[in-house]
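Numbers for residues simply follow the sequence, beginning at 1.
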Amino acid sequence: MTGTDVRKETEDSGPGGYAAARLRLLTERARSGPPRRTALSALTDDWLAGLFGAAAGAAHGVSLVAVGGYGRGELSPRSDLDLVLLHDGSDPAAVAALADRIWYPVWDLGLSLDHSVRTPAEARRTAGEDLKVHLGLLDARHLAGDSALTAGLRTAALADWRNQAPKRLPELKELCAERAARQGELQYLLEPDLKEARGGLRDATALRAVAASWLADAPREGLTEARRRLLDVRDALHLATGRATDRLALQEQDQVAAELGLLDADTLLRQVYEAARVIAYASDVTWREVGRVLRSRAVRPRLRAVWGGGKPATERSPLAEGVVEQDGEVVLARAARPERDPVLPLRAAAAAAQAGLPLSLHAVRRMAATARPLPTPWPAEAREQLVTLLGSGRPTVEVWEALEAEGLITRLLPDWERVRCRPQRNAVHLWTVDRHLIETAVRASELTRRVGRPDLLLVAALLHDIGKGWPGDHSVAGEIITKDVAARIGFDRADVTVLSLLVRHHLLLIETATRRDLDDPATVRSVAEAVGSQSTLELLHALTEADALATGPAAWSSWRGSLVADLVRRVGAVLAGGAPDEPEPAAPTAEQERLAIEALRTGGPVLALRAQTEPAAEEPSGDPEPLGVELLIAVPDRPGVLPAVAGVLAVHRLTVRTAELRAIGLPDDVHDEGAVLLLNWRVAAEYGSLPQAARLRGDLVRALDGSLDIAGRLAERDAAYPRRRGWTAPPPRVTVAPAASRHATVIEVRAQDAPGLLHRIGTALEKAAVRVRSMHVSTLGANAVDAFYVTTGTGAPLPARDAGSLAEALEETLRG
């Protein structure tokens, strides 16, 4: 039946004809989606116009107007009819009678009706008092009667909306936020409300309203398709249930999927989640732009007064190489070249998450369009930036979503596609698989002080459920996938083995602790055999807690935590053996020996700065690719060397990735009683280029003789460019490693990396009058994992009480 045939039957048969034609249209399998909604709207338009014509005759000054969803022509099978009977106020009694002759036939057919009778002035006044009414009028569409009356109201409503946008848009944003708090996130709910949940049809309508204000606009790519998909699902839900409902209940999902011709309910939910994600991300970007525009308008009059006219330059603060902050967003620097810098997307994302700022939509799209793919395996910087992003706490979620919205995540990690938007049909789980993995990384970032390899913990958190996109046991599949992903990311063979083991056994501790007899030695022994080492047990314990906390409140409790901790203690006792002593220092190389002799001869520091030029290996080797450039410093042993060197590097904005300090043995023919300290460091420029070696040496000489005020320089720089912190990092943890060395006391420091951190540690150790016999420093992502072998002035390990006091004092210093 064609649209003309439907209208003819409606005209001939009145309400009964409309009902029959409507039923026939809704049961036509060949017509669904937008064509059916358009046809249903047109059919209803003709019927209502007929009712109006029969009741009003040639009356003037009155019109029938569709608003809201009906105004947009988006009638679902059980949608309300949103109607306004508009009149000029000349004959209220006649208008009331006319309304009855229109409304009652609608009710007689059992259709839901949202109606009002108003003059244009009343409609505008009500819209000014009720935001929802104003939103409905933005979609006003003429149905019958005086078209000039309808056009006048529509023009006035739009003009009012644009004039009042600075006031109405914040109200609309608050309304959306309140609704999201009540209804939750559509992209994660097992029984979502397609209309009211965040990322649903209400938010799509709000984006249309923002666009109508001319103040800002939503990113349009994919938005129309996402909205269409949600409307199609709602249509199918109405037909499957026979009710006017927007909640996609579990028991109805298979039927709705069949109505849409989809494989199963999981396929349905995944499509719903994908659509919701597009709308939610567009909402985030749009509301951010609205806020920026409104702030700009508020500030502009004050700036004119200060600057006397003209437009001041936009402030751009550097965050990382090729990345700056502007107007509360992270954007690309003017000199950035994504097409030549494949690490830039990860570097920008890590900088944004660390600063707690959103990534600019323009920046993400530019990187998605032009950035070259990373080589395999990834360069060390890319791996470090990924770890930094994952360890940035709650801001990681928003930044990750921005990358995913433009396809950058699946480009970096192709295996992510199988878990993206994948539902978890378990009431314990709050999130889809992909969001659960990110949430686990967020939780793991709070536990990084408990482990010696926070980078492995964070990557294991990201990958622990990656096998859920494959058939069979997801832990077994995940182990295989993790081996491949970890190797491509650039971890060495030993780390790949640990990561795959963590993924394979990520449920081992919680299942054993809650289902097995811990007093049975065989139980504890089997866990110890599976884990293999104390360091892996430490990582698995933290991963277990992060995974449970990210699942939902029902998955973790103090009781479960105590059971797991008891199991870990028992397994640790089985794994305990002789603790490793301080490693024997390797014989100095010819270059190190030359620098040491030169330092003795001149009595001052001698250094060499060497770039890393070796190409990355095709396959991960036993030694991971170093990050940054190698800095060798030889200096006669004297107090203050460590804080001086660390301070000079901080002043020059050099980030320390790894560092070692040790006394070097010299050949027998070098007759000198003095000792030489050798510092072998790997450093990278925070942004910009590396300083010249001569400048570093000059400042180091001044730092050692006390003429360079390092603390003052760092304080001055921090005051000028305060470092943003987008989240509250876990507090630093300083411990004494028990029985770690027979020759020295080992102080372990785990803290958030920050400019001048090593300078502060070195200064604190100098104040404590201890000698640093050697040190081993690593920066893993944004986490510093350092070990200092210290002795008394006579070269003996510290007494236990003094060692504990030193650890407490150092931890207090780092907290301040």
Side-chain donor-acceptor pair present, [X], [Y], cut-off under 3.5 Å:
| X | Y | answer |
| --- | --- | --- |
| Ser445 | Thr448 | no |
| Arg347 | Gln385 | no |
| Arg449 | Asn783 | yes |
| Gln354 | Ser392 | yes |

Nearest 0.5 Å, what's the [atom1]-[atom2] distance between [X] and [Y]?
| X | Y | atom1 | atom2 | result |
| --- | --- | --- | --- | --- |
| Leu678 | Asn680 | CG | CG | 6.0 Å |
| Leu575 | Glu538 | CG | CD | 12.0 Å |
| Arg340 | Thr370 | CZ | OG1 | 11.5 Å |
| Leu814 | Arg733 | CG | CZ | 14.0 Å |
| Leu463 | Leu413 | CG | CG | 7.5 Å |
| Leu332 | Leu359 | CG | CG | 8.5 Å |

Determine the minimum heavy-atom distance between [X] and [Y], stating which atoms define it.
| X | Y | value |
| --- | --- | --- |
| Leu403 | Ala349 | CD1-CB, 3.7 Å |
| Val676 | Ala634 | CG1-CB, 4.1 Å |
| Gly762 | Leu642 | CA-CD2, 3.8 Å |
| Pro691 | Leu654 | CD-CD2, 3.9 Å |
| Pro379 | Val343 | CG-CG2, 4.0 Å |
| Ala371 | Arg411 | O-NH1, 3.7 Å |

Carboxylate-amine/guanidinium contact [X] [Y], below 4.0 Å:
| X | Y | result |
| --- | --- | --- |
| Glu545 | Arg450 | yes |
| Asp484 | Arg488 | yes |
| Glu384 | Arg657 | yes |
| Asp341 | Arg372 | no |

Measure the shortest side-chain to side-chain distance between [X] and [Y] over non-hydrogen atoms and say whether it is less than 4.5 angstrom.
| X | Y | value |
| --- | --- | --- |
| Thr791 | Thr745 | no |
| Val777 | Leu758 | yes |
| Met367 | Leu344 | yes |
| Arg717 | Pro755 | yes |
| Thr440 | Leu462 | no |
| Val648 | Leu708 | yes |
| Phe491 | Val459 | yes |
| Asp699 | Arg702 | yes |

Exercise for the section: Could you walk me through whether Asp786 and Met775 pass the side chain to side chain contact (heavy atoms under 4.5 Å, CB included) test, one step at a time? Expected result: CA-CA 7 Å; Asp786 307 338; Met775 75 175 190; over 6 Å; no
Validation: residues 798-812 side-chain donor-acceptor distances under 3.5 Å, sequence neighbours left out:
unit_1	atom_1	unit_2	atom_2	d
Ser805	OG	Arg801	O	3.1
Glu811	OE1	Val734	N	2.9
Glu811	OE2	Arg815	NH2	3.3

Between the side chain of [X] and the main-chain N/O of [Y], is any donor-acceptor distance below 3.5 Å?
| X | Y | answer |
| --- | --- | --- |
| Arg697 | Pro605 | yes |
| Arg638 | Leu704 | yes |
| Glu325 | Arg316 | no |
| Glu766 | Gly640 | yes |
| Arg760 | Thr813 | yes |
| His464 | Ala461 | yes |
| His652 | Leu649 | no |
| His759 | Pro643 | yes |
| Thr536 | Gly532 | no |

Handout entry: Audit row: Leu631, Ile633, side chain to side chain contact (heavy atoms under 4.5 Å, CB included) steps and yes/no
Key = CA-CA 7 Å; Leu631 174 62; Ile633 301 176; 3.8 Å; yes
Practice task
Decide yes or no on side chain to side chain contact (heavy atoms under 4.5 Å, CB included) for Leu537 and Val568, but give the supporting numbers first.
Solution key: CA-CA 7 Å; Leu537 177 64; Val568 168; 4.0 Å; yes
Problem - Among Leu390, Leu543, Leu447, the one residue meeting side-chain contact (heavy atoms from CB on, under 4.5 Å) with Leu458 - result: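 Only one option passes, and that is Leu390.
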Handout entry: Full working for side chain to side chain contact (heavy atoms under 4.5 Å, CB included) between Val770 and Thr792
Key = CA-CA 5 Å; Val770 297; Thr792 64; over 6 Å; no
Problem - Within the 6.0 Å centroid threshold, strictly below: His776 and Phe788 - result: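 Here the rings of Phe788 and His776 have centres that are no less than 6.0 Å from each other.
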